[in-house]
Enquirer: 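Handing you this structure, nothing more for now.
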Protein chains: 2
Amino acid sequence: MGTLAPPTRDRLLVAAKELIEDGGYAAASVVAIAERAGVAAGTLYRHFASKEELFVEVFRSVCEREERTMRVAAAEMGDTASAAERLQAVFTTFARRALRNPRLAWALIAEPVDPRVDAERIAYRERYAELVAAGLSAGIAAGELPRQDVKLTAAALVGGCGEALVGPLSPLSAGDPDAEEIVAALRTFVGRAVGMR
Amino acid sequence: MGTLAPPTRDRLLVAAKELIEDGGYAAASVVAIAERAGVAAGTLYRHFASKEELFVEVFRSVCEREERTMRVAAAEMGDTASAAERLQAVFTTFARRALRNPRLAWALIAEPVDPRVDAERIAYRERYAELVAAGLSAGIAAGELPRQDVKLTAAALVGGCGEALVGPLSPLSAGDPDAEEIVAALRTFVGRAVGMR
DNA sequence: TACCATTGTGAATCGAGATTCACAAGGAGG
DNA sequence: CCTCCTTGTGAATCTCGATTCACAATGGTA
């Protein structure tokens, strides 16, 4: 047998992700997911103990990819880059990806969900914040950045950038000038906020 | 008759607010609200067309007070204060109040709700952001602050500070060192982020 | 007293989804 | 061919909270 037809389980995961991508969690009901995957509602329960379990898995795979991408972006800056530049690279990457897929980004960053899925969401946000906090600490140790409460700065930046980009008070909500312009403005903001010289 | 017993309508509003204060929207079901107000569930519908309408009213009254308090804080700085100092005062006030009542603050700022209530929530967030944006613009016009995308900075600050203080990735979630220490760290962060000299 | 408006009651009803379950439909092994 | 196991089906069921509604009280007015 060829690998032409993905197994049902995978089709369910993909269907759920796609539905969330353009309608948020509300659009991803069990019936809708099953329909998009081309199976009956009951079939979902042959592969997942519950809808939440499926969501958790979708979450993990998407967030892992995001985190990896941001780490790579920081690493790719090379040895000559300053800590602040590395952090700007992280947020620039974050921003470009979020702007490309705002609905999904919103779902990952802030949209509310059932407790178990929420726990997963918060765990990944914390990983993003830790990534940022580590960058800040490195910069402070190297004397490039001013002393500061790194946890607070990291949380404010992760939360704030997420909000500013895809949140309900995003400037984007009304009229999207140009993604690259926004990315540039965000880069400036991050630079100032971390205390870049 | 004296004014000793508040009218039912007011008791329902207060009950809803108190429930949200320490359990978020999830805790504020119609039955719970009615019970706390000392009436039957059906009574709520004698005073409000729906649960959402009641929430909208709770929202308005709380947010109006918050906004007023922040404006006053900015104004009280006097004529000698710089734009950055005024903005720091706004966020310091915001932070103290949020730290005193984190659950309510989170509900007002970010917790998701039904669309109609959400519209109200977003409207007030925008007013906070506009307040900040106006302060930024004044500072730029006066040559005190660097040119920047004021809407983005304002959105990132409002969202970010809310998140950092009471959000799911708040450093406070695990161990509360000291409110004033956090307020101080936030003041520093805001100063840097707006480009204070 | 009779009448009507307002306010309160709380059990019954609704609605929207998630979840279950009795019943196929293959397919592998004996 | 028989049996067991896995996977799929989709209508029926369950859950849970908002909402309704037939039925009191209460109080004011004619």
Side-chain angles (χ1 to χ4, degrees), chain A residues 1-20 22-59 107 111-121, chain B residues 1-20 22-59 107 111-121:
Chain A
M1 19 121 161
T3 49
L4 295 177
T8 302
R9 188 187 155 85
D10 291 346
R11 271 183 303 137
L12 285 166
L13 287 167
V14 170
K17 185 197 151 199
E18 288 172 348
L19 283 167
I20 292 172
D22 55 51
Y25 296 112
S29 69
V30 169
V31 172
I33 294 169
E35 194 173 307
R36 181 174 256 258
V39 297
T43 301
L44 189 150
Y45 294 87
R46 290 280 176 220
H47 299 278
F48 302 93
S50 68
K51 184 195 177 184
E52 294 192 348
E53 197 175 278
L54 182 158
F55 274 12
V56 166
E57 208 162 317
V58 169
F59 232 88
E111 196 177 3
V113 266
D114 311 87
R116 272 171 59 193
V117 185
D118 211 53
E120 205 63 28
R121 187 166 68 64
Chain B
M1 17 113 166
T3 48
L4 294 175
T8 303
R9 187 187 155 86
D10 291 346
R11 284 207 319 267
L12 285 166
L13 286 167
V14 170
K17 185 197 152 200
E18 288 172 349
L19 284 167
I20 292 172
D22 56 51
Y25 296 111
S29 68
V30 169
V31 172
I33 294 169
E35 194 173 306
R36 180 174 258 258
V39 297
T43 300
L44 190 151
Y45 293 88
R46 291 278 176 219
H47 300 277
F48 302 92
S50 68
K51 184 194 178 186
E52 293 192 347
E53 197 175 280
L54 182 157
F55 274 12
V56 165
E57 208 161 317
V58 170
F59 234 87
E111 195 177 1
V113 265
D114 311 87
R116 272 172 57 192
V117 186
D118 211 52
E120 206 63 28
R121 189 167 66 65

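Values reported hereafter were calculated over all heavy atoms of this structure, with side chains retained and with hydrogens, waters and symmetry mates removed.
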Enquirer: Using whole Å, report how far CZ of A:R9 lies from P of D:dT6.
Expert: 16 Å
Enquirer: Go through residues 37-52 of chain B and report each residue with a non-hydrogen atom lying under 4.0 Å from DNA chain C, sorted by number.
Expert: B:V39, B:A40, B:G42, B:T43, B:R46, B:H47
Enquirer: Whole-Å distance between C:dT7 C1' and B:D10 CG?
Expert: 15 Å
Enquirer: To the nearest Å, give me how far apart CG (A:L54) and C1' (C:dT19) are.
Expert: 14 Å
Enquirer: A:L54 and side chain to side chain contact (heavy atoms under 4.5 Å, CB included): which single residue from A:L13, A:V117, A:V30 fits?
Expert: A:L13
Enquirer: For the backbone of B:A28 and the side chain of B:R36, can you confirm whether one donor and one acceptor N or O come within less than 3.5 Å of each other?
Expert: no
Enquirer: Could you give the CG-to-C1' distance, from B:L12 to C:dT7, as a whole number of Å?
Expert: 12 Å
Enquirer: Give me the residues of residues 23-33 of chain B where at least one heavy atom lies under 4.0 Å from an atom of DNA chain D, by number, or none.
Expert: B:S29, B:V30
Enquirer: I need the minimum non-hydrogen distance between B:V39 and B:R11, along with the two atoms involved.
Expert: CG1-NH2, 3.7 Å
Enquirer: So do A:E57 and A:R9 actually touch side chain to side chain, heavy atoms under 4.5 Å?
Expert: yes
Enquirer: Round to a whole Å and report the spacing from CD of A:E53 to P of C:dA18.
Expert: 15 Å
Enquirer: How many Å lie between CG on A:D114 and P on D:dG17, as a whole number?
Expert: 13 Å
Enquirer: What closest approach, in Å, do A:A37 and A:L12 show between heavy atoms, and which atom pair accounts for it?
Expert: CB-CD2, 3.8 Å
Enquirer: Suppose we screen for ring pair (Phe, Tyr, Trp, His ring centres under 6.0 Å). Which residues come up paired with A:F55, at least two apart in sequence or across chains?
Expert: A:Y25
Enquirer: How close do A:T43 and A:H47 get, counting heavy atoms only, and between which atoms?
Expert: O-CD2, 3.4 Å
Enquirer: Any idea which heavy atoms bring A:I20 and A:A107 closest together, and the distance?
Expert: CG2-CB, 3.7 Å
